[in-house]
Each structure stands twice: as C-alpha cells, then as structure tokens.
**Q** 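Below: one structure in structure tokens.
Proteins come first, then strands; the chains are lettered A, B, ... in the order of their sequence lines, and each starts at number 1.
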Amino acid sequence: MPSNRPVRVRFAPSPTGDLHVGNIRTALFDWAYARHTGGKFIFRIEDTDRERVTDEYIQAAIDTLKWLGLTWDEGPEVGGPNGPYLQSQRLDIYAKWAAKFLADGFAYHCYCSSEELEAVREAQRKANVAPGYNGHCRELSADQIAAYVAEGRKPVVRMRMPDGSTTFTDLIRGEVTFDHNFVPDFVLVRADGSPLYTLAVAVDDVMMQVTHVLRGEDLLSSTPRQIRVYQAMGVKEDEYPLFAHLPFVMGQDNAKLSKRNGEVSIAWYRERGFLPEAICNYLALLGWSPGEDREDVTMEELTQLFTVERVHSSPARFDMKKLEAINGDKIRALTPESFLEKSLPFLTDAKVISGSADEIDLLKKALPIIQERVATLAEIPAMLKFLFVAHFEVEADSLPKVNDPESKKLLSVAFDRLQNVSEWSHDGIEAVLRTALIEEMGLKPRIAFSAVRIAVTGSHISPPLFESMELLGREKSLARIQALI
RNA sequence: GGCCCCGUCGUCUAGCGGCCUAGGACUCUGGCUUCUCAAGUCAGCUACGAGGGUUCGAAUCCCUUCGGGGCUACCA
C-alpha cells in the first residue's frame with residue numbers, strides 16, 4: 001500500500017463557524033507530520049455546503065492558521081500546482097467525474113424524494129434493520145425513468161456500493177473492516193447538481209496527490225465510501241492515501257467538543273491572551289506525547305518529534321487549567337521585546353495606555369516585574385493600570401483595610417520618612433520603609449507593606465511594592481499615600 | 001436498534017510480558033521561601049473499569065462483560 005511517493009498531507013476544514021480546538025488539533029498534527037517528513041502541507045477549503053460555509057468563516061480559518069504559525073505549502077493565498085484550493089471553485093471537476101461514474105455504471109440516478117427516503121428509514125427503524133438506502137433506483141428501466149422525469153423529479157447521483165466489504169489499515173487503529181451491508185449507496189451529487197463531501201473529498205485527495213489523510217475519527221466510518229470513489233476513479237490500491245483517524249478532543253461532559261460545552265473557538269483564546277505556541281503545545285499533548293516525560297515543546301521541536309505512531313487511539317478531555325499553566329510557562333519564556341510586543345494590544349484595547357512614547361518607556365520597565373506573574377496576556381492591564389491611570393482610586397474591597405487609625409498612622413509615618421529618601425530607587429525606598437515601619441514601629445512586614453501597597457497600587461494584590469513605587473515616581477507615590485492619611 | 005472506535009491517578013499522559021509496591025505534568029492539599037500575588041522548591045492525595053483465561057510472571061496477550069463515544073443526511 002504505501003508507495004514511496006513524497007509525503008503530501010492536507011488539512012481540509014469545512015468552515016461552518018470559527019475554527020475550534022478540535023479542528024486546530026487536527027491541523028497541527030497534519031502540519032507537524034508534513035514538516036516532520038519533509039513533505040508538503042496542503043490547506044484546502046471544503047465549502048461544498050454553501051448553505052453553511054461563509055466567506056467570513058473561510059477568511060477566519062485562514063487567519064487562524066496564520067496566527068498559529070501553521071504555514072501551508074499549497075492552498076488559499078499561496079496557490080500551488082493543484083489548485084484551486086476552494087472546492088467551490090472546482091465544481092467542473094466534480095461534475096466531470098460524476099458524469100464518468102454514471103457512464104461507467106459505478107453510479108446511477110436516484111429519483112427518490114426526501115419524503116420517500118425518510119419513509120424507508122422509518123420502516124427500517126421499526127423493523128430493526130440497518131438503516132440506509134434500499135436500492136430502489138438501482139436498476140430503473142427507461143420507462144420508469146421517463147415517468148419520473150415526466151413528474152418533474154430531479155435526480156441525485158448515487159454511488160453503487162458492491163457486495164462485499166472494505167478493509168483498510170488505519171495508521172492509528174490498525175486494520176479496520178466495514179461490511180458493505182452497512183455502507184449503503186451514498187449520494188455524490190445533489191438534485192441541484194452540486195457535489196457532496198463524499199465526492200469532492202475523494203476526488204480532491206486523488207487529484208492533489210495526497211498521500212496521508214490525518215483527520216478526526218468521526219470520519220472513520222465514511223472511509224469505505226472514499227475508497228469506493230478511488231476505485232471508480234481507477235486509482236490503484238497502492239496509491240490510495242493512507243488514513244490515520246485522530247481521537248476526539250472532548251469537553252468536560254465527555255461529548256465531542258462543540259460550542260455547547262465550552263469555549264472552543266480559537267479566536268476566543270486569542271482574545272483571552274493565550275499565545276499561539278502555548279495553544280499548539282497544549283493541543284499537541286492531546287492525543288500525542290513525545291514520551292520520556294517530556295511536555296514542553298517548541299513548534300520546531302514538535303516537527304522533529306512528531307510521529308503518527310505515537311498518536312493515541314483514545315479520546316482526550318480538554319483542560320483549561322493545563323492550557324493556562326502552559327501559557328504561563330510560554331509567557332515567562334518570552335524575550336522582553338516579544339513580551340512587550342504581545343502585551344501592547346491588550347493594554348491599548350483596555351485603554352490603559354494610548355501608546356505614546358512615554359508610556360512605552362515606562363512599560364518597558366514595568367513589564368519585567370509582572371512577566372512571571374501572569375498566566376495570560378489579558379491579565380496585564382489590570383496589573384499595570386495603577387502606573388498609567390489619570391484618576392487614581394483604591395479598589396473598593398481594599399479600602400477598608402487602610403481606613404483604620406493604625407493604618408493611617410503607619411501611612412503617615414511612611415509619608416514623612418519617604419520624603420527624605422535621597423535616591424528614589426526600590427532599594428532606597430525599601431531601606432527607609434523597613435527602618436521606619438519594621439524596626440522602629442515593630443510591625444510585621446506583611447502588615448506594614450500591605451497598607452502602603454494598597455495606598456500606592458490601589459489593591460492588596462500587586463506587583464512587587466518597591467519596584468512599583470520606583471516606577472510610579474516619588475511625586476505620585478507620595479500623593480497617593482497622603483490622600484489616605 | 002445496527003455498524004465502528006475507545007477504556008492507566010480528577011484531567012493529559014509514560015508504560016508495549018519481569019526495570020511497576022505503576023513514572024511525569026496539570027489540578028487539589030500541606031510545608032519552605034517571601035512585602036501581597038505569582039514564580040521557585042519539598043511533600044501528600046489519587047489510577048491499570050470488571051470477570052475469566054494464557055504464562056513461572058500481565059497494566060502490557062486472548063475472551064467475555066460493563067462503560068463511554070462516533071456514524072447511521074441531497075452535513076462534513
């Protein structure tokens with residue numbers, strides 16, 4: 001079966017919504033496999049269902065893949081020798097093959113109406129037999145056809161499944177066999193002439209010389225149908241693509257991940273401040289592992305380590321906590337320049353800064369003290385807000401903690417002594433406050449500094465206090481303390 | 001219902017007949033560190049779905065069973 005053709009892997013989503021976690025995990029494995037083998041990664045849009053696929057979703061899918069860094073060798077925007085890569089632009093190709101299948105007897109026109117088919121299914125269900133097309137139109141006479149046409153019926157093109165069975169070797173699950181008794185004749189072309197997935201996917205994989213199909217396991221049972229199309233196209237068995245059906249990514253409730261059971265759109269994660277490399281690293285661990293207790297991998301390492309052999313056959317639950325942990329690790333691993341660049345949009349969107357040069361200067365100094373304190377980029381604005389706000393206010397739930405007489409006394413001592421600090425640096429500030437509050441007043445550090453922290457940053461949770469005061473500056477720091485005395 | 005896939009800590013996983021009184025990570029609990037929060041660090045909790053085989057020996061092989069999931073469209 002596997003000839004030594006150059007590896008060509010495709011990711012072929014049907015963008016009926018934003019790409020979600022499951023799609024992306026598939027795309028990631030497709031990409032990693034292509035890169036690992038030195039093969040080509042093909043990106044194809046399956047938009048044969050124009051009722052549900054929109055141009056916006058197609059563009060969103062393209063943008064998402066780009067954002068994640070899953071670059072493709074052939075597909076939308078980059079083109080390639082096997083295009084076009086949008087199925088809606090390949091209609092003539094499918095029509096040609098459908099006509100050939102009809103002429104060769106692999107397929108036939110079926111005039112059954114939806115209502116009739118539904119009635120058949122209903123009867124089958126009642127009789128407790130395998131549901132599926134009953135072959136009603138398989139051998140229609142010329143007269144019968146003429147009668148149907150006279151009625152104004154428009155036929156679909158249906159593939160004839162021969163008796164027997166289909167066996168193929170799934171790279172992840174091993175040998176899988178489907179008895180054709182349970183693979184009914186399936187529709188290739190709608191009554192309106194438009195192709196269905198069953199036709200387009202097989203034709204395109206052959207035309208685009210795809211060698212490996214790694215896709216979700218929901219498509220496992222449709223594989224015999226694809227193989228039947230290959231046969232009708234005259235593809236030799238050793239040139240069929242190899243299949244690998246990836247396990248599902250599931251939500252908390254053990255159902256296939258979908259909009260109903262969690263936030264699954266990648267766009268949502270992007271807005272929440274997740275890094276693409278964190279998403280990819282985490283997703284790579286869902287259904288695959290590099291072994292040797294290894295978990296932290298870069299995109300580059302992923303392409304080196306990824307093999308289909310190490311992909312699981314069992315489904316995985318999506319765990320937001322673990323994603324956050326990995327995201328925190330990846331944020332800490334960012335260079336200062338890169339951390340700044342990635343933080344900027346979150347700060348400006350939150351209107352914490354407008355983006356002026358002065359603000360950026362201050363930001364460059366502030367970012368290092370919070371880099372190890374955030375799990376997502378979205379947490380940054382709240383953490384640095386105190387440095388930039390025009391009208392400073394202490395948070396409501398922290399205010400009571402500085403309103404008692406002891407706190408006011410403490411703050412007043414701090415205020416007095418801080419005025420005499422010669423050099424407004426975190427070392428200088430710390431030395432003065434320790435002497436005044438800890439040594440002379442005998443306070444516990446956590447008590448003493450808490451009041452100052454609330455006064456200066458507005459919250460009992462903040463970046464390191466002395467660094468924060470240094471960045472805020474003497475004037476503002478003192479004013480904020482004084483305001484609470 | 002039928003067909004197909006799947007089954008190790010709460011979760012993701014390592015494990016491919018002896019190295020397993022089952023390892024790592026996340027979560028959770030407790031300790032250390034500490035100006036808060038993090039980070040770091042130490043410790044703890046907790047798993048081979050069940051029942052039969054095969055074998056000197058099974059998480060690893062076989063069977064049954066139970067459980068979960070997918071498909072069963074003129075969706076993909």
**Q** Given that A:Arg52 and A:Gly291 both sit by RNA chain B, which one's nearest nucleotide is further toward the 5' end?
**A** A:Gly291

**Q** Examine A:Arg160 relative to A:Phe106 and say whether NZ or CZ is less than 6.0 Å from the centre of the six-membered ring and inside a 45° cone about the ring axis.
**A** no

**Q** Please state the P separation for the pair B:rU64 and B:rA25 - nearest whole angstrom.
**A** 39 Å

**Q** Between A:Arg310 and A:Phe306, is NZ or CZ placed under 6.0 angstrom from the six-membered ring centre and within 45° of the ring axis?
**A** no

**Q** Within the 4.0 Å heavy-atom criterion, would you say A:Pro184 contacts the bases, only the backbone, or no part of the nucleic acid?
**A** nothing

**Q** From the options B:rC74, B:rC6, B:rC26, select the nucleotide whose nearest atom is closest to the side chain of A:Lys322.
**A** B:rC26

**Q** Over how many whole Å does the gap from A:Phe168 atom CZ to B:rC5 atom C1' extend?
**A** 10 Å

**Q** May I ask you to verify whether the side chain of A:Arg453 and the base of B:rC35 hold a donor-acceptor pair under 3.5 Å?
**A** yes

**Q** Go through the structure and list residues passing side chain to side chain donor-acceptor pair (under 3.5 Å) with A:Arg474, not counting sequence neighbours.
**A** none

**Q** Quote, to the nearest angstrom, the P distance that separates B:rC19 from B:rA58.
**A** 11 Å

**Q** Find the distance A:Asn181:CG to B:rG2:P and express it as a whole number of Å.
**A** 15 Å

**Q** B:rG2, B:rU36, B:rA76: which one has an atom nearest the side-chain heavy atoms of A:Ser222?
**A** B:rA76

**Q** Categorize A:Glu295 for me: base, sugar-phosphate, or nothing, with a 4.0 angstrom heavy-atom threshold over every strand shown.
**A** base

**Q** A:Ser14: which residues meet the side chain to side chain donor-acceptor pair (under 3.5 Å) condition with it, sequence neighbours left out?
**A** none

**Q** Just to be sure I understand the rule, does A:His245 reach a base, reach only the sugar-phosphate, or reach nothing, if contact means heavy atoms closer than 4.0 Å?
**A** nothing

**Q** Between A:Arg317 and B:rC12, is there a side-chain N or O to OP1/OP2 distance below 4.0 Å?
**A** yes

**Q** Check every atom of B:rC6, B:rU13, B:rC37 against the side chain of A:Ala316 and return the nucleotide holding the closest atom.
**A** B:rU13

**Q** Quick one: A:Leu286 CG to B:rA14 C1', roughly how many Å, whole number?
**A** 16 Å

**Q** Choosing from B:rC35, B:rC74, B:rA14, which nucleotide comes nearest the side chain of A:His312?
**A** B:rA14

**Q** OP1, OP2 of B:rC35 versus side-chain N and O of A:Arg434: anything below 4.0 Å?
**A** yes

**Q** When all nucleic acid strands are considered with a 4.0 Å heavy-atom cut-off, which category describes A:Gly287: base, sugar-phosphate, or nothing?
**A** sugar-phosphate

**Q** If we take the P atom in both B:rA43 and B:rG24, what is their distance in whole Å?
**A** 10 Å

**Q** So is A:Arg480 actually on top of A:Phe392's ring, under 6.0 Å and inside 45° of the axis?
**A** yes

**Q** Counting only side-chain N and O atoms of A:Ser289, is one of them less than 4.0 Å from OP1 or OP2 of B:rC12?
**A** no

**Q** Checking all strands, does A:Val187 fall into the base, sugar-phosphate, or nothing category for heavy-atom contacts under 4.0 angstrom?
**A** sugar-phosphate

**Q** Consider the side chain of A:Phe178, meaning its heavy atoms from C-beta on, and name the nucleotide among B:rC4, B:rC35, B:rC75 that approaches it most closely.
**A** B:rC4

**Q** Quote, to the nearest angstrom, the C1' distance that separates B:rA14 from B:rG53.
**A** 28 Å

**Q** Heavy atoms under 4.0 Å, any strand shown: does A:Thr48 hit a base, just sugar-phosphate, or nothing?
**A** sugar-phosphate

**Q** What nucleotide among B:rA76, B:rC74, B:rC26 has an atom nearest to a side-chain atom of A:Leu219?
**A** B:rA76

**Q** Across all strands, who's sitting opposite B:rG18 as a Watson-Crick or G-U wobble pair, both distances under 3.5 Å?
**A** B:rC56

**Q** Between B:rC45 and B:rC28, how many Å separate the two C1' atoms, rounded to a whole number?
**A** 8 Å

**Q** Considering every strand and a 4.0 Å limit on heavy-atom distances, what is the contact class for A:Ser450: base, sugar-phosphate, or nothing?
**A** nothing

**Q** Taking the same atom, P, in B:rG15 and in B:rG1, what whole-Å distance lies between them?
**A** 36 Å

**Q** For RNA chain B, whose closest nucleotide is more 5', that of A:Asp47 or that of A:Arg310?
**A** A:Arg310

**Q** Go through residues 367-379 of chain A and report each residue with a non-hydrogen atom lying under 4.0 Å from RNA chain B, sorted by number.
**A** A:Glu372, A:Arg373

**Q** Ignoring the backbone of A:Lys321, work out which of B:rC26, B:rG2, B:rC74 is nearest its side chain.
**A** B:rC26

**Q** In whole Å, what separates the P atom of B:rC37 from that of B:rU46?
**A** 29 Å

**Q** Describe the nucleic acid contact of A:Pro464 in one word from base, sugar-phosphate, nothing, applying a heavy-atom distance below 4.0 Å.
**A** base

**Q** Please report the distance separating the P of B:rG52 from the corresponding atom of B:rG40, rounded so that it comes out in whole Å.
**A** 46 Å

